[in-house]
Number of protein chains: 2
Amino acid sequence: MVRKTKENAELTRQNIIHAAREVFLKRGVSRSTMEHIAAQAGVTRGAVYWHFKNKTELFHAMREQVLLPLIDRMDGALLVAGSEDPLTCIENFLLGTIQSLEESLETRQIYEIMMIKCEYVEEFETVLQQILVNCSGILQKIQLAYERARIKGQLHEALEPAQLAQDTNLFFVGLLHMWVKDIQGQQFRQQAIQLIHFHMQLRRTH
Amino acid sequence: MVRKTKENAELTRQNIIHAAREVFLKRGVSRSTMEHIAAQAGVTRGAVYWHFKNKTELFHAMREQVLLPLIDRMDGALLVAGSEDPLTCIENFLLGTIQSLEESLETRQIYEIMMIKCEYVEEFETVLQQILVNCSGILQKIQLAYERARIKGQLHEALEPAQLAQDTNLFFVGLLHMWVKDIQGQQFRQQAIQLIHFHMQLRRTH
DNA sequence: GTGTTTACATACGCTGTTGTTTGTATATAA
DNA sequence: TTATATACAAACAACAGCGTATGTAAACAC
C-alpha cells in the first residue's frame, strides 16, 4: 500500500497534524522528534517529511488549524457587532473563550502547548510576536466596547475606558493561563464563569 | 591551573549558574547544551558535570537562587505584617514585585526563562506544581488582606473578599506575563504601575 | 496502455550531545 | 612530608535525531 489517492493523502496529512499535537503535548515541542510524531500517526518519517519541511512548519500548521478560526470568532460576532449591551458583549466574549476551551479538546491541547510546552526562541519568537499583536487587538476592541458602555451610562462614573480595558485584558490573560495550568486541581476551571461575572459586575452601575 | 581553593570552586560554581541563565535565556532550556553553558562560563564540560549532575539540576539551582528569596519577600513584610491599611498593603505587594523585576536583571531573566523559554514536561512538571502552589498561597494572603479591609470599611459594600482576591490574583498573573513578554515594545512595562493603582482604585470606597 | 508524478517507506551518512572515564596538578588533612 | 581528596580538563564511546537520497508501487494524465 504505497500510492494513495489525493483524499487519502490529505487524510494522512491531517493525521500527522493531530499526531504532532498529541506528541507536543506529551513531550513538549523540542523533545518531540519526527520519529515520535510519525509513529503516533502510524506512518514513517518519510511521510512526515513529504508533507512538512521540518518540525517548525508542522508546528505552524498545527497552530493555525485551530487557532486561526478561534481568532476569527473573537474578532467577529461578540465584540464588533454588539449594538445591544456593550458590557454584556465583553462578558460574552470572555465566556465564549472559556466555553470554546471546555468544548474542544484540540483547542485545550493547543493552548496548553503554546503556554507551557513551547520555548519561544529563534524561529518561534515570531509566534510570540503574533500572540502579542493579537492580544493588543483584543485590548483595543475591549476598549471600544467600554467606550460605548460609558456613553450608554452603564459604567461607574469616572472610570476611564482605556484603563478598564487594560484591567480586563490582564484579567483575561491571567484567567487563560490559570485555566490551562490548573490541569488536575480544576479549581479555576470550575470557578471561571463566576469570576468573569464578578469581574464585569465590578464595573457596572447598580 | 587545575585544583582551586574552596572559595575559588564556589566562584566557578556561581559562574556556571550565571552562565546557564544567560544561555537558557538566549537558546531556551532544551536547546541549551552543557557545552554552551561551559563555554559561556569559560570552563569545560568537566567543570559543569563536577558541580551539577545534569542540566535539570543546574536549572533548579539557577531557579532557586533568585526565586526563593523573592518568594520570601512576598510572603513576608508586605502582606502579613501590615497592621495599617490593608488595601495599600496589597497595592504595595503588587508594586514591589514589579519593582524587583525592574531593579534586578537576574530576576527579569529568570522570569522570562520560566515563562517563555521552558517546556513543562517530564522532570519539569514538578516546577509547574510548585508555581501553582506558590500562586495559591499568594491568593490566600490577598484574600486575608481583603477581609481585613472589609472590616475596616475600606471596600465597596457588598464585595466578597474571596472574589476580589481571585480577580486581583488573575490581574497579577496577567500583569506578570504581559510585563515579561513585552520585551521590545515596553508598552506594558511603562504602564504597569498605573495599572496596579487603577486596579486597586476600583475596589476603594471613594 | 504507457509515462510521469505522487505518496510514501526504507536506508544512509552525518553531526550534535550526552554521560563517563581517565588524567593531573594542587589544596588540604594527617 | 606524604597521602588523599578535590577541582577540574581532555578524551572516549555511544546513541539519537536530522536531512536526504533512493526505492517503489500505485494513481493519474494523456
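Lettering of chains follows the sequences in order, A, B, ..., and the numbering in each one begins at 1.
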Whole-Å distance between [N] [atom2] and [X] [atom1]?
| X | N | atom1 | atom2 | value |
| --- | --- | --- | --- | --- |
| H36(A) | dC18(D) | NE2 | P | 9 Å |
| E10(B) | dC8(D) | CD | P | 10 Å |
| R31(A) | dT17(C) | CZ | P | 15 Å |
| E57(A) | dG19(D) | CD | C1' | 14 Å |
| K6(A) | dC8(C) | NZ | P | 13 Å |
| E35(A) | dA16(D) | CD | P | 11 Å |
| Q14(B) | dA7(D) | CD | C1' | 16 Å |
| Y49(B) | dT6(D) | OH | C1' | 20 Å |

Please answer whether the main-chain N or O of [Y] pairs with a side-chain N or O of [X] as donor and acceptor at a distance below 3.5 Å.
| X | Y | answer |
| --- | --- | --- |
| R45(B) | E35(B) | no |
| N54(B) | E57(B) | yes |
| R203(A) | H199(A) | yes |

Select base, sugar-phosphate, or nothing to describe what T44(B) touches, counting heavy atoms under 4.0 Å on all strands. base
Using OP1 and OP2 only, check whether a side-chain N or O of [X] sits under 4.0 Å from [N].
| X | N | result |
| --- | --- | --- |
| W50(A) | dA7(C) | yes |
| T12(A) | dC8(C) | yes |
| T5(B) | dA7(D) | no |
| H51(B) | dA7(D) | no |

Salt-bridge present (E22(B), R27(B); N to O < 4.0 Å): no
Proximity to the side chain of [X] - top-ranked nucleotide from [options]:
| X | options | value |
| --- | --- | --- |
| A47(A) | dA9(C), dG19(C), dT18(C) | dA9(C) |
| A9(A) | dC18(D), dA7(D), dC8(C) | dC8(C) |
| N54(B) | dT17(C), dG19(C), dG19(D) | dG19(C) |

Compare every heavy atom of K181(B) with every heavy atom of L132(A), then report the nearest pair and how far apart it is. CD1-O, 3.5 Å
Let me know, please, whether S30(B) or R45(A) comes out on the 5' side of the other along DNA chain C by nearest nucleotide. R45(A)
